[in-house]
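Single-structure report; data block below.
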Amino acid sequence: MKKIYFTPGPSQTYPMLKQYIDEALSKNIMSISHRSEGYMEMAKHTQQGLRKLLKIPSTHHIFFMSSSLESMERIIANCVNKHSHHFVNGSFAKAFLNAAIAQGKTTTTHTFSPGEYIDMNTISIPHAAELICLTQNETSNGSCIPMKDIYTLKKRYPRIPLAVDIVSSAPYPAVDFKAIDIAFFSVQKGFGLPSGLGILIVNDALVRRSQKAGFHDFSSLAKKEALFQTPETPNVLYIFLLGKVVQDMLKKGIATIRKETNEKARLVEEYFETHSDFGKLFIADRAVRSQTVLVIELGATVGAFVESLAAKGFVVGKGYGEYKKSQIRIANFPQHSVGDFKRLVKAIALFFKQVGK
Ligand SMILES: *Cc1c(COP(=O)(O)O)cnc(C)c1O
């Protein structure tokens with residue numbers, strides 16, 4: 001049976017993936033030298049496509065990493081001598097914090113609960129902090145921090161660089177890169193590719209003043225990036241595939257992708273708003289509810305629900321960590337169509353009709 005994955009990463013792969021892999025094979029993309037003209041043209045195409053799609057200005061560099069955890073590690077190594085400040089309300093924000101702790105940095109945190117709205121006007125951050133880290137879309141519990149609140153924070157602390165994890169929301173949020181210093185994501189979420197490529201976007205001002213961080217100094221990365229290269233042999237295949245997916249997204253239009261994301265989220269939200277005895281949206285406040293990772297509190301039904309839907313070809317994610325036994329997570333990425341979501345909601349409705357609560 002054909003399965004469709006609504007898991008929050010890895011997730012459903014992009015519909016054209018097979019065709020693009022075939023194209024990479026027939027063009028010998030995986031055999032050409034990563035210092036050759038052919039490679040550089042290809043990488044340039046991917047970079048320029050990403051710039052256009054996400055409106056990344058020329059003030060910001062685009063570096064290819066192998067994952068977002070690597071991006072976190074590199075961000076800390078390059079930007080923090082002593083002290084970083086972290087907004088923490090879930091497991092991925094904790095991973096960013098741990099990246100700093102593991103490198104022996106002093107860390108301070110603003111800890112808040114999933115679904116709690118933070119008024120950035122009342123936040124205070126130690127002036128010794130050299131970097132503020134936050135997770136725009138917390139995949140572990142389906143909460144988000146609205147971009148406008150992130151800009152408010154930046155306005156209040158203009159001199160402290162701000163790094164934003166958009167791993168499970170990109171390309172959905174319209175990010176004003178002039179207002180933030182760093183953003184990063186991985187391609188196995190909203191780009192429908194296999195895992196193994198991270199995109200790290202860094203303001204040039206930070207590159208110029210980055211710490212000596214060894215082989216992956218931002219400045220060494222930037223030197224190679226100017227040639228559309230990387231210090232190491234990169235994930236050439238995925239850089240090619242990302243270029244393809246980005247072109248398709250440009251053709252479809254980012255506005256359409258965003259509109260459809262809202263429309264698909266609405267289908268799930270509406271179902272559980274009208275059937276709250278079956279399940280509840282974990283994040284009650286819409287202002288801080290993720291549109292790209294929908295988390296539903298089901299209670300004891302989780303096991304039967306996940307199994308029954310998988311048997312019909314709809315693979316949804318279980319809750320993260322401690323929430324495994326009571327929640328499900330539904331990814332809403334561009335590779336999921338409106339039709340896919342209509343069929344998913346139908347299957348959910350059928351499950352509750354047959355099984356009840
Ligand atoms: C998946 C995820 C990561 C980790 O990405 P990797 O590519 O596995 O390193 C980090 N942050 C968030 C919010 C994520 O969803």
Side-chain angles (χ1 to χ4, degrees), residues 5-14 50 62-77 84 86-103 109 112 114-115 131-147 150 162-173 175 180 182-201 216 234-235 237-239 241-242 245 261 282-283 288-295 316-321 323-324 327-336:
Y5 283 79
F6 293 92
T7 40
S11 191
Q12 183 61 24
T13 52
Y14 197 74
L50 271 177
I62 301 177
F63 300 140
F64 294 120
M65 299 279 116
S66 64
S67 70
S68 286
L69 288 191
E70 187 193 6
S71 292
M72 290 174 185
E73 187 196 39
R74 295 293 86 205
I75 291 164
I76 300 291
S84 56
H86 300 254
F87 284 83
V88 181
N89 84 333
S91 302
F92 289 97
K94 259 184 214 149
F96 209 164
L97 173 66
N98 287 337
I101 294 171
Q103 293 177 61
T109 57
F112 58 115
L131 180 73
I132 301 170
C133 303
L134 63 79
T135 308
Q136 191 269 327
N137 198 73
E138 180 50 79
T139 320
S140 66
N141 57 42
S143 65
C144 71
I145 302 176
M147 287 308 306
I150 295 175
L162 176 60
V164 183
D165 176 335
I166 52 168
V167 180
S168 58
S169 51
Y172 173 71
V175 178
I180 65 165
I182 296 178
F184 57 95
F185 61 89
S186 300
V187 299
Q188 76 273 22
K189 314 242 167 150
F191 290 83
L193 293 174
S195 53
L197 179 66
I199 307 297
L200 173 57
I201 301 156
H216 274 168
N235 197 327
L237 173 61
Y238 292 7
I239 292 170
L241 295 174
L242 180 60
V245 170
T261 303
F282 182 51
I283 305 299
V288 291
R289 184 191 299 153
S290 167
Q291 294 286 283
T292 55
V293 180
L294 296 151
V295 175
V316 301
K318 281 192 178 169
Y320 193 92
Y323 300 124
K324 217 182 198 87
Q327 297 184 350
I328 54 156
R329 292 181 299 159
I330 298 173
N332 174 14
F333 295 149
Q335 62 269 28
H336 300 114

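Indexing begins at 1, ligand by ligand and atom by atom, following the structure's order.
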Main-chain N/O of Ile145 paired with Gln136 side-chain donor or acceptor, under 3.5 Å: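 Looks like yes, one N/O pair under 3.5 Å.
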
Partner residues of Phe64 under the ring-ring contact (aromatic ring centres under 6.0 Å, His included) criterion, sequence neighbours left out: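 Testing Phe64 for ring-ring contact (aromatic ring centres under 6.0 Å, His included), a comparison that skips the adjacent residues, returns none.
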
Mutual orientation of the aromatic rings belonging to Phe191 and Phe185 [parallel < 30°, tilted 30-60°, perpendicular > 60°]: parallel

Ring geometry between His336 and Phe6 (parallel below 30°, tilted from 30 to 60°, perpendicular above 60°): parallel

Candidate pair Arg329 and Thr139, rule side chain to side chain contact (heavy atoms under 4.5 Å, CB included), full reasoning: CA-CA 9 Å; Arg329 292 181 299 159; Thr139 320; 3.9 Å; yes

Cation over ring face, Lys189 and Phe92, 6.0 Å, 45°: yes

One line per pair, note the atom names and distance for all nitrogen or oxygen contacts under 3.5 Å between ligand 1 and the protein.
residue, atom, partner, partner atom, Å
ligand 1, 7 (O), Ser68, N, 3.3
ligand 1, 7 (O), Ser186, OG, 2.6
ligand 1, 7 (O), Gln188, NE2, 3.0
ligand 1, 9 (O), Ser68, N, 3.0
ligand 1, 9 (O), Leu69, N, 2.9
ligand 1, 11 (N), Asp165, OD2, 2.7
ligand 1, 15 (O), Thr139, OG1, 2.4
ligand 1, 15 (O), Lys189, NZ, 2.7

